[in-house]
Amino acid sequence: MGDLLIQITGDGGEANINSRNELELTEGLFNMVLIAMFGGNPDGVTTKEVEDGEKRSDWWGNSLFFNNSPEQQFNSYTENLLNNITLNSQSRQIIKGYVEKDLEFLSNLAKTEVNVSLLGVDKIDITVKVNELSNIQNSEFQFIWDATKSELIENRII
């Protein structure tokens, strides 16, 4: 049995419902890739423990599971960068580097290959190929970012 398939919406992530009105599952690493790139801190890197009642802007698991150990946190450097960079041919390589940084934690589980391409003046396509080391399962994921809306408008398993 897999994980619940998460889809990022304009106001956070939600479980996906399929055409049979059932919660959709995923067997691969899609959720891990999605959360690493778009589920952490759109405002910056987790730097401190948050006081009771203080609103968190980072992924909730950073405090519950990882005791603020920076190398184990999901901080979504990609999403942070996309909110603060002009999309052009020069920024493609910078974005690719940030995606690779977000996915470094997968190095013991899989080899990843990242491709970034411009779809227009305000949209960018990030494709991540994941080759799991423990079996022959290969996956490819596509993420389309709309800079005008400052949000992920499409994410899917190819």
Side-chain angles (χ1 to χ4, degrees), residues 1-9 12-20 22-47 49 56-85 87 89-119 123-147 151-158:
M1 179 170 242
D3 293 329
L4 285 176
L5 179 63
I6 297 172
Q7 294 295 312
I8 297 292
T9 61
E14 298 179 4
N16 201 44
I17 307 278
N18 66 21
S19 59
R20 296 184 306 254
E22 301 169 337
L23 290 171
E24 195 169 352
L25 300 177
T26 182
E27 294 291 331
L29 299 174
F30 179 75
N31 285 350
M32 293 175 78
V33 171
L34 178 66
I35 290 170
M37 293 169 37
F38 297 101
N41 291 341
D43 299 326
V45 176
T46 301
T47 57
E49 202 51 56
R56 296 191 75 96
S57 64
D58 63 337
W59 180 60
W60 58 271
N62 282 354
S63 67
L64 294 178
F65 299 120
F66 302 127
N67 299 322
N68 288 330
S69 178
E71 67 277 358
Q72 294 180 330
Q73 291 176 343
F74 287 119
N75 278 299
S76 300
Y77 296 104
T78 302
E79 185 176 12
N80 184 295
L81 176 70
L82 290 172
N83 281 317
N84 295 293
I85 196 169
L87 298 182
S89 58
Q90 189 176 28
S91 65
R92 285 184 333 100
Q93 288 302 337
I94 297 168
I95 294 166
K96 181 179 179 196
Y98 276 67
V99 171
E100 291 169 346
K101 180 176 179 146
D102 277 336
L103 300 178
E104 282 176 351
F105 78 98
L106 285 174
S107 64
N108 291 334
L109 301 172
K111 292 178 80 171
T112 59
E113 180 182 327
V114 177
N115 185 35
V116 177
S117 57
L118 294 171
L119 299 177
K123 289 187 180 83
I124 194 157
D125 178 327
I126 301 169
T127 304
V128 178
K129 292 181 183 178
V130 178
N131 299 317
E132 294 184 38
L133 301 176
S134 62
N135 58 38
I136 336 174
Q137 184 172 346
N138 298 327
S139 304
E140 190 168 344
F141 312 125
Q142 180 182 37
F143 306 92
I144 298 177
W145 177 264
D146 186 322
E151 68 181 37
L152 187 64
I153 60 169
E154 185 175 338
N155 55 88
R156 64 188 177 109
I157 300 169
I158 300 176

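Computed from a prediction, not measured in an experiment: that's the story for all the values here.
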Closest contact, heavy atoms only, [X] versus [Y]:
X    : Y    : value
A36  : L103 : CB-CD2, 4.1 Å
V130 : A110 : CG1-CB, 3.6 Å
I85  : S91  : CD1-CB, 3.5 Å
M32  : L106 : CE-CD2, 4.1 Å

Interatomic spacing from [atom1] in [X] to [atom2] in [Y] - rounded to 0.5 Å:
X    : Y    : atom1 : atom2 : value
E79  : E151 : CD    : CD    : 10.0 Å
L118 : R92  : CG    : CZ    : 6.5 Å
I124 : L119 : CD1   : CG    : 8.0 Å
I35  : D102 : CD1   : CG    : 12.0 Å

Does W145 form a side chain to side chain contact (heavy atoms under 4.5 Å, CB included) with N83? I'd like the steps, not just the answer. CA-CA 10 Å; W145 177 264; N83 281 317; 3.4 Å; yes
Please test M37 against L152 for side chain to side chain contact (heavy atoms under 4.5 Å, CB included), starting from the C-alpha separation and ending with a verdict. CA-CA 10 Å; M37 293 169 37; L152 187 64; over 6 Å; no
Any luck finding a side-chain donor-acceptor pair between N115 and S117 under 3.5 Å? no
Using a 4.5 Å cut-off on heavy atoms from C-beta on, say whether the side chain of [Y] contacts that of [X].
X    : Y    : result
L81  : T78  : no
T112 : V33  : no
Y98  : L82  : no
N138 : K129 : no
V114 : I95  : no
E132 : L109 : no

Please work out whether the ring planes of F38 and F143 are parallel, tilted or perpendicular, with thresholds of 30° and 60°. tilted
Keeping R156 on the side-chain end and Q142 on the backbone end, is there a donor-acceptor pair under 3.5 Å? no
